[in-house]
There are 2 protein chains.
Amino acid sequence: MQKNTRGSLIWLRLTRFTHQSNLLSNDFLKQFDLTTAQFDVLMQISTYEPLTQSELAEKVTVTQGGISRMLARLEKEGLIERKQEWKTKTISLTNKGREKLENAFEDQLEFQSSFFDECLSEEEQKMLYLLMSRVQKNSEKKKLPNR
Amino acid sequence: MQKNTRGSLIWLRLTRFTHQSNLLSNDFLKQFDLTTAQFDVLMQISTYEPLTQSELAEKVTVTQGGISRMLARLEKEGLIERKQEWKTKTISLTNKGREKLENAFEDQLEFQSSFFDECLSEEEQKMLYLLMSRVQKNSEKKKLPNR
DNA sequence: CATAATCACTTTACCACTCAATTGATGACA
DNA sequence: TGTCATCAATTGAGTGGTAAAGTGATTATG
């Protein structure tokens, strides 16, 4: 079995970094009693509310089933509301949810940025964003038939 | 709530891509009856065998508990062997495991590479690898106290 | 020598995701 | 009007991750 390809090495770096930064982010968000995934969906809701579950699932690239459970937890915690409205459910933040998000927002973005600020210049960050945008969009195109 | 930082945008692209490519990779590996995670640990075992569970956990950056269950499943499928050896367990591939890995290896690496080959030039890929190496190493430094 | 500490691994309970099957409401049409 | 298709959301079974508590053998120490 010969040596790895460049692509597979990039891929490894990406997965390892994402995994690692997720852990650190979870740890960081503990102070706000949130997880990274929860922060992510709260952000999306706050940006696009009101929206349906399927729309949200699309935004955070998670399956219907995943979103359903996630939202059930968030609802139980009182951070979001689901209103059955003419066949679909419309979701929006509660005041408690909005507060919690506003509370964590700045710090979390600062935290996320620190991963790059600490080791890349402006220029390099722009470059990385550009490259990753291309790569990510390309992977979107490969999407499985109906997701 | 103001707009996102550059860092947070990069972060989003990275997580979305990693998630998406993982799904596609799982789908791709279905033909070999493997998951991405399983391929990952089989690769590491094949490279470093024989090794202990803790060493493996280190390599794939997963917790002890996670590795324990993962290996239990792989053992049940007959792909790996665990030999209790003087207090630690030494793991190695079985012939079946080795075969399966060799079978999938080329195709999977080709598949991983395609994500980048399809949208980046040589130069750009080198650049991306360089940047991600820096970023990933930087995140390693931030590791939580005892992992 | 007995008890305590340590070490490698396992187990449990939880979160977050998948796919696939199911439920339940809406709307269409014979 | 009854049935049938459709569509959003839910549920069930499974994977893969975490943290934290538990187990059992080995080594240290009082």
Side-chain angles (χ1 to χ4, degrees), chain A residues 15-16 18-30 33-42 44 50-58 60-77 79-80 82-91 143-147, chain B residues 15-16 18-30 33-42 44 50-58 60-77 79-80 82-91 143-147:
Chain A
T15 38
R16 295 284 191 262
T18 311
H19 183 60
Q20 181 66 22
S21 70
N22 230 316
L23 284 185
L24 292 166
S25 168
N26 276 330
D27 189 60
F28 179 76
L29 285 175
K30 225 176 249 162
D33 199 33
L34 282 175
T35 66
T36 309
Q38 286 168 352
F39 182 85
D40 192 6
V41 330
L42 290 182
Q44 298 298 325
L51 76 176
T52 67
Q53 286 196 195
S54 342
E55 285 165 354
L56 180 57
E58 180 84 13
V60 295
T61 54
V62 151
T63 52
Q64 285 280 354
I67 274 295
S68 177
R69 266 184 272 256
M70 173 104 242
L71 290 180
R73 281 191 284 261
L74 288 175
E75 192 170 41
K76 205 174 63 186
E77 308 239 318
L79 302 181
I80 62 138
R82 289 192 279 189
K83 286 196 214 84
Q84 185 79 40
E85 230 171 61
W86 193 81
K87 164 171 153 185
T88 79
K89 287 194 175 175
T90 303
I91 53 191
K143 249 201 261 261
L144 302 170
N146 48 350
R147 302 184 50 86
Chain B
T15 38
R16 295 283 191 263
T18 310
H19 183 58
Q20 182 65 22
S21 69
N22 230 315
L23 285 185
L24 292 167
S25 168
N26 276 331
D27 189 59
F28 179 75
L29 285 175
K30 223 176 251 161
D33 200 32
L34 282 175
T35 67
T36 309
Q38 287 169 350
F39 182 84
D40 194 6
V41 331
L42 291 182
Q44 297 299 324
L51 77 175
T52 67
Q53 286 197 195
S54 343
E55 286 165 352
L56 180 57
E58 181 82 14
V60 296
T61 56
V62 151
T63 53
Q64 284 281 351
I67 276 293
S68 180
R69 247 196 336 193
M70 173 106 243
L71 290 181
R73 282 195 279 257
L74 286 175
E75 192 170 40
K76 205 174 62 186
E77 307 240 318
L79 302 181
I80 61 139
R82 288 193 279 188
K83 287 198 212 81
Q84 185 80 38
E85 231 171 60
W86 192 80
K87 165 173 154 183
T88 79
K89 286 194 174 175
T90 302
I91 53 192
K143 249 200 262 263
L144 301 171
N146 49 350
R147 301 184 47 87

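If you're wondering where the values come from, they're calculated on a predicted model, not measured in any experiment. By convention in this document, chain letters (A, B, ...) are assigned in the order of the sequence lines, proteins followed by strands, and residues within each chain are numbered from 1.
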With sugar-phosphate meaning primed atoms plus P, OP1 and OP2, does Gln38(A) contact a base, only sugar-phosphate, or nothing at under 4.0 Å between heavy atoms?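 The answer is sugar-phosphate, as Gln38(A) gets under 4.0 Å only of primed atoms, P, OP1 or OP2.
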Using a 4.0 Å heavy-atom cut-off across all strands, classify Gln64(A) as base, sugar-phosphate, or nothing. base
Can you work out whether Gly66(B) or Arg73(B) has the more 5'-proximal nearest nucleotide on DNA chain D?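 Looking at the nearest nucleotide for each, Arg73(B) comes out on the 5' side.
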Can you work out whether Lys30(A) or Ser68(A) has the more 5'-proximal nearest nucleotide on DNA chain D? Ser68(A)
Atom-to-atom span, [atom1] of [X] to [atom2] of [N] - whole angstrom:
X: Leu74(A); N: dT10(D); atom1: CG; atom2: P; value: 13 Å
X: Leu71(B); N: dT11(C); atom1: CG; atom2: P; value: 13 Å
X: Asp40(A); N: dA16(C); atom1: CG; atom2: P; value: 11 Å
X: Asn22(A); N: dC17(C); atom1: CG; atom2: C1'; value: 12 Å
X: Leu23(B); N: dG14(D); atom1: CG; atom2: P; value: 20 Å
X: Leu56(A); N: dC17(C); atom1: CG; atom2: C1'; value: 14 Å
X: Leu51(A); N: dA8(D); atom1: CG; atom2: C1'; value: 13 Å
X: Asn26(A); N: dC17(C); atom1: CG; atom2: C1'; value: 14 Å

Would you mind telling me which of dT10(C), dT18(D), dC17(C) lies closest to the side-chain atoms of His19(A)? dT18(D)
Side chain of Thr63(A) (C-beta onward), nearest among dT18(C), dA16(C), dT18(D): dT18(C)
Donor-acceptor under 3.5 Å ([X] side chain, [Y] main chain):
X: Asn26(B); Y: Thr35(B); value: no
X: Thr61(A); Y: Glu58(A); value: no
X: Glu75(B); Y: Arg82(B); value: yes

Could you grab the distance from atom CD of Gln64(B) to atom CG of Leu56(B), nearest 0.5 Å is fine? 9.5 Å
Considering just the side-chain nitrogens and oxygens of [X], establish if one lies under 4.0 Å of OP1 or OP2 belonging to [N].
X: Ser54(A); N: dC7(D); result: no
X: Thr35(A); N: dC15(C); result: no
X: Arg82(B); N: dT10(C); result: yes

Let me see the working for Arg73(A) and Gln38(A) under side-chain hydrogen bond (donor to acceptor under 3.5 Å, both in side chains), right down to the final yes or no. CA-CA 10 Å; Arg73(A) 281 191 284 261; Gln38(A) 286 168 352; over 6 Å; no
On DNA chain C, does the nearest nucleotide to Arg69(B) precede the nearest nucleotide to Thr52(B) from the 5' side, or the other way round? Give the residue.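 Between the two, 5'-proximity favours Thr52(B).
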